[in-house]
Amino acid sequence: MTTTLIPAGAKTAVTPKRRRERQGPAWVFLSPWVLGAIVLTLLPMAVSLYLSFTDYDLFNPPRWVGLRNYVQMFTEDPRYWRSVTTTLTYVVIAVPLQLGLALVVALALKSMKRGKAFYRSAFYAPSLLGASMSIALVWRAIFNDGGTVDNLFGTGGWVNRPGWALLAVALLTVWQFGAPMVIFLAGLQQIPPELYEAAAVDGAGKWRQFLSVTVPMLSPVLFFNLVLQTIQAFQVFTPAFAIGAGKGGPADSTLVYTLYLYDRGFVASHMGYASAMAWVLLIVIGAVTAVLFRTSRSWVFYASEGDR
């Protein structure tokens, strides 16, 4: 009887049949996710793309109209452009304020000695509740005529003033700073204390340490939160729907993009037009995300790479 010795480090050939046998269990466990992705994501996206080139009112069969929905959207619909302007204004206001507040609270929690777990949970709670319609209606009552804000500051009802209604919507988003705060706190706890000690030895004060140590080391987390919150801000719906009474009022000041999409699709029954709007929103979000990733090379610092 002869024995064939396989040299150490040598790779044995894997036949296609054996490779399929190894991959079989993996596909069994992945099948629910794959099926869900096809049925709940890819198939509806394909149907939506087809409907964007049709005239469809939810009751009659779709009628192919080519690019008419897109042409009408960009050249014949002034409310569409108002919704774009309102959404961009909302993103510019809400995202920086939310991330700034989340970072400030995370820095405060990091320096706390006692009660950190309680305050972390308390500040995170609005992120779990803020997306509900009930909270949005309470928020509308707070900023309405005779509401809490009016009684305390005498500024009148924000929800009835075109110049202030969108700010009320943005403040509801800012109030939900718990999720990015927790992520910031986790990032702050990963910064080596030795860096602060070295900066202090060099004579750096708290502000210089924040700029020279905290911000660069926290930049990957900041970038992650920025991308995530920007994408969510472009898709805001519930606060604007509640505060604007479902119509984008007053004077279309809360007519964000998704609210106008809902109006065209489910109120006016122009589902083909709404589908075209949805695909434009998808492309815009993808483009903004790509720009953020492209520009991140100049300001996001990864310690493992040793450069910016």
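Residues take their numbers from the sequence shown, with the count starting at 1.
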ask   = Does the pair Tyr257 and Tyr80 meet the rule for a ring-ring contact (aromatic ring centres under 6.0 Å, His included), with working shown?
value = CA-CA 8 Å; Tyr257 196 96; Tyr80 171 81; 5.5 Å; yes
### Query
Under a 4.0 Å N-O cut-off, is there an ion pair linking Arg68 with Asp55?
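A salt bridge links Arg68 with Asp55.
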Which heavy atom in [X] sits nearest to a heavy atom in [Y], and how many Å separate them?
| X | Y | result |
| --- | --- | --- |
| Leu282 | Met45 | CD2-CE, 4.0 Å |
| Thr254 | Gly249 | OG1-O, 2.7 Å |
| Gln189 | Lys110 | N-CE, 4.5 Å |
| Leu172 | Gln176 | O-NE2, 3.1 Å |

Backbone N/O of [Y] and side chain of [X]: donor-acceptor pair under 3.5 Å:
| X | Y | answer |
| --- | --- | --- |
| Ser48 | Pro44 | no |
| Ser219 | Pro216 | yes |
| Ser52 | Ala276 | no |
| Gln209 | Ala204 | yes |
| Ser127 | Ala179 | yes |
| Trp139 | Ala168 | yes |
| Asn69 | Gln72 | no |
| Thr41 | Ile38 | no |

Could you tell me whether the side chain of [Y] reaches within less than 4.5 Å of the side chain of [X], counting heavy atoms only?
| X | Y | result |
| --- | --- | --- |
| Asn144 | Val149 | no |
| Leu188 | Ile191 | yes |
| Gln229 | Leu99 | yes |

Parallel under 30°, tilted from 30 to 60°, perpendicular over 60°: which one fits the rings of [X] and [Y]?
| X | Y | answer |
| --- | --- | --- |
| Trp164 | Trp158 | tilted |
| Phe177 | Phe123 | tilted |
| Phe210 | Trp207 | parallel |

- Item | Residue pair Leu166, Thr89: steps toward the side chain to side chain contact (heavy atoms under 4.5 Å, CB included) verdict | CA-CA 9 Å; Leu166 186 62; Thr89 304; 3.8 Å; yes
Please say which of Thr258, Leu88, Thr289, Val256 ends up in a side-chain contact (heavy atoms from CB on, under 4.5 Å) with Phe234.
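Of the listed options, the one satisfying the test is Leu88.
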request  = For Tyr196 and Thr214, run side chain to side chain donor-acceptor pair (under 3.5 Å): C-alpha distance rounded to whole Å, both residues' side-chain angles, the deciding distance at 0.1 Å, then the answer.
outcome  = CA-CA 9 Å; Tyr196 293 104; Thr214 304; 2.7 Å; yes
**Item:** Intermediate values then yes/no, ring-ring contact (aromatic ring centres under 6.0 Å, His included), Tyr273 and Tyr56
**Value:** CA-CA 8 Å; Tyr273 191 86; Tyr56 180 47; over 10 Å; no
*asked:* The test is side chain to side chain contact (heavy atoms under 4.5 Å, CB included); show your working for Asp252 and Arg79 and say whether it passes.
replied: CA-CA 8 Å; Asp252 285 346; Arg79 291 197 79 200; 2.9 Å; yes
